[in-house]
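Accompanying notes for the structure given below.
Small disclaimer: the values here were computed from a predicted structure and weren't measured.
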Amino acid sequence: MSAKQGAIMPSKRISIFLLARSLEVGGAERQLIALAKGLQERGHSVRIGLFYMRGALLEELRGTGVEVIDLHKTGRWDIPRFIARTIAALKRAEPEIVYSFLGGANLVAAAVRPFVNARYVWSVRASNMKLKEYGLTSRIAYWLERSISALPDLIIANSSAGSGHAIQNGFPANRIVMIPNGIDCSRFRSIGELRAVQRRSLRLDENQIAVGLVARLDPMKGHKVFIQAAAIAATRAPNIRFLCIGEGPELQLHQLKLMRDELGLADRLTFTGALEPVAAFNALDIACSCSVWGEGFSNSIAEAMACGLPCIVSDVGDSAAIIDSSGTLVPPAAPEALANAILVQAASLDRHDPEKPRQRIAENFSISAMVDRTLDAFHHRLGIPSGL
């Protein structure tokens with residue numbers, strides 16, 4: 001229900017400015033969209049400022065009433081003029097709260113804070129990152145973010161693991177609150193017709209079991225572990241097909257395909273590229289999350305569960321807390337354990353109850369709950385009436 005359709009107006013309308021790099025498809029970006037729409041539907045004033053006005057998720061804001069502001073960043077080294085444009089945009093918007101998503105946006109929020117009177121909220125959305133995998137720029141940015149982490153009025157972590165990691169690295173514990181991600185169960189659900197269409201497009205026979213890893217191609221997501229596990233499982237179960245669903249750098253895709261081919265999986269494991277998430281999960285019989293580090297709250301796990309899938313997840317971040325007793329937990333970077341779990345789950349699919357994982361998400365990780373918890377944090381931590 002939209003505000004125009006009669007949503008209950010809050011007792012106080014809060015003006016909120018969400019700051020992000022872009023709206024490319026990603027977990028943090030989808031959560032930003034969900035939060036913006038949820039706050040707008042509650043009657044609050046929401047604007048999104050983007051460094052770069054691009055991304056497939058922009059379309060999801062059409063007709064919502066959320067204003068999107070292009071901050072016209074022209075490149076990595078466009079800093080002084082970009083900061084000046086951001087200050088000007090914030091002064092025009094006059095927000096009560098500036099809520100920045102991810103490290104780069106957190107640093108920009110810190111830079112504009114002396115010039116714009118508002119309450120500042122940072123986000124922390126990962127845990128135990130191996131920064132050496134991401135280059136010097138990322139290491140410097142995180143060091144700087146950590147050094148000035150006393151500046152924001154509030155820091156929202158989307159996982160207990162992320163909160164703990166931030167505190168261990170010097171972020172102030174008394175300013176951190178944990179708010180899990182929210183999943184739209186009206187969107188993420190099992191759809192029989194969609195399953196049939198998507199499986200045909202992926203050339204999956206009905207008697208084949210599709211096991212998928214839905215994640216961007218990033219070292220932290222454990223694609224190599226998934227491929228190794230697939231090689232083990234494939235020798236024992238000829239009816240299993242494996243899918244890596246997601247995009248990433250061409251060099252990494254090339255390297256992963258070479259690994260697949262060397263392990264004899266050319267006809268058993270497919271790199272599909274990016275697929276619409278609901279369609280992707282509906283094509284699968286089993287979903288895997290193989291992250292080896294860095295995971296906070298995995299949207300992929302929760303979305304797969306909302307679609308009723310059995311999930312096999314590595315014990316990284318808050319993944320164990322998300323699945324609770326509705327899925328299977330394996331150690332990270334353990335392909336043999338992952339392969340065994342896949343084989344066990346594949347053999348027991350006829351006994352899987354899809355309502356159990358779906359109910360787990362609906363009862364604990366709804367978008368409504370995420371918006372409620374955010375407004376509650378604004379009220380109790382920032383002293384701003386919540387409008388609940």
Side-chain angles (χ1 to χ4, degrees), residues 188-190 192 195 198-199 202 204-215 220-246 256 259-260 263-265 267-272 280-293 295 298-361 364-365:
F188 287 93
R189 57 192 176 89
S190 176
R195 173 180 169 83
Q198 192 63 54
R199 285 178 71 91
L202 294 171
L204 292 168
D205 296 335
E206 274 307 308
N207 65 340
Q208 291 178 320
I209 296 172
V211 179
L213 171 59
V214 181
M220 68 177 276
K221 296 297 184 180
H223 286 82
K224 291 181 179 180
V225 177
F226 183 72
I227 295 170
Q228 291 169 332
I232 296 169
T235 63
R236 307 180 202 171
N239 64 327
I240 297 181
R241 284 274 306 277
F242 301 90
L243 298 101
C244 291
I245 301 172
L256 291 172
M259 179 181 181
R260 173 198 64 183
L263 290 173
L265 292 171
D267 61 344
R268 299 286 298 275
L269 191 152
T270 303
F271 290 88
T272 69
F281 289 122
N282 269 273
L284 299 179
D285 297 292
I286 300 169
C288 294
S289 175
C290 308
S291 295
V292 289
W293 72 76
E295 200 69 74
S298 170
N299 281 343
S300 179
I301 295 171
E303 290 165 355
M305 290 171 64
C307 291
L309 289 176
C311 291
I312 302 169
V313 309
S314 58
D315 191 6
V316 176
D318 277 16
S319 298
I322 296 171
I323 63 168
D324 194 37
S325 62
S326 70
T328 303
L329 190 69
V330 296
E336 184 76 41
L338 177 60
N340 289 336
I342 289 170
L343 292 167
V344 169
Q345 186 64 69
S348 60
L349 277 177
D350 58 342
R351 298 191 298 276
H352 172 68
D353 177 10
E355 284 304 311
K356 184 176 181 180
R358 180 170 172 80
Q359 186 176 8
R360 168 79 183 153
I361 299 305
N364 296 276
F365 305 112

Smallest separation among heavy atoms of [X] and [Y], with atom names:
X: Ile312; Y: Gln345; answer: CD1-CB, 4.1 Å
X: Gln228; Y: Pro335; answer: OE1-CG, 3.5 Å
X: Ile286; Y: Ile209; answer: CD1-CG2, 4.2 Å
X: His223; Y: Leu213; answer: CD2-CD2, 3.5 Å
X: Val214; Y: Ser300; answer: O-OG, 3.0 Å
X: Val225; Y: Ala334; answer: CG1-N, 4.1 Å

Working to the nearest 0.5 Å, report the span between [atom1] of [X] and [atom2] of [Y].
X: Ile227; Y: Leu256; atom1: CD1; atom2: CG; result: 4.5 Å
X: Ile301; Y: Cys311; atom1: CD1; atom2: SG; result: 6.5 Å
X: Asp318; Y: Ser298; atom1: CG; atom2: OG; result: 10.5 Å
X: Leu329; Y: Ser314; atom1: CG; atom2: OG; result: 8.0 Å
X: Ile245; Y: Phe271; atom1: CD1; atom2: CZ; result: 11.5 Å
X: Phe226; Y: Ile342; atom1: CZ; atom2: CD1; result: 5.5 Å

Stepwise salt bridge (charged side-chain N to carboxylate O under 4.0 Å, His left out) test for Arg241 and Asp285: CA-CA 10 Å; Arg241 284 274 306 277; Asp285 297 292; over 6 Å; no
For Ser291, side chain to side chain donor-acceptor pair (under 3.5 Å) partners two or more places apart: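 Listed in chain order: Glu295.
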Side-chain (Arg268) to main-chain (Ile240) donor-acceptor, under 3.5 angstrom: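 Here the side-chain-to-backbone pair exists.
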Any donor-acceptor pair under 3.5 Å from Arg195 side chain to Phe281 backbone: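 Side chain of Arg195 to backbone of Phe281, a donor-acceptor pair under 3.5 Å: no, none is there.
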Any side-chain heavy-atom pair from [X] and [Y] closer than 4.5 angstrom?
X: Thr270; Y: Leu202; result: no
X: Ile322; Y: Ile361; result: yes
X: Asn282; Y: Gln198; result: no
X: Leu269; Y: Cys244; result: yes
X: Pro331; Y: Asp315; result: no
X: Cys288; Y: Leu338; result: yes
X: Met305; Y: Ile323; result: yes
X: Asn340; Y: Val330; result: no

Contacts of Arg358 that satisfy side chain to side chain contact (heavy atoms under 4.5 Å, CB included) - sequence neighbours left out: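 For Arg358, the residues satisfying side chain to side chain contact (heavy atoms under 4.5 Å, CB included) (neighbours in sequence not counted) are Cys185, Arg189, Ala306, Glu355.
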Where at least one partner belongs to residues 331-351, residue pairs that pass salt bridge (charged side-chain N to carboxylate O under 4.0 Å, His left out), sequence neighbours excluded: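 Residue pairs with at least one partner in residues 331-351: Arg236-Glu336.
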Candidate pair Lys356 and Ser325, rule side chain to side chain contact (heavy atoms under 4.5 Å, CB included), full reasoning: CA-CA 9 Å; Lys356 184 176 181 180; Ser325 62; 3.7 Å; yes
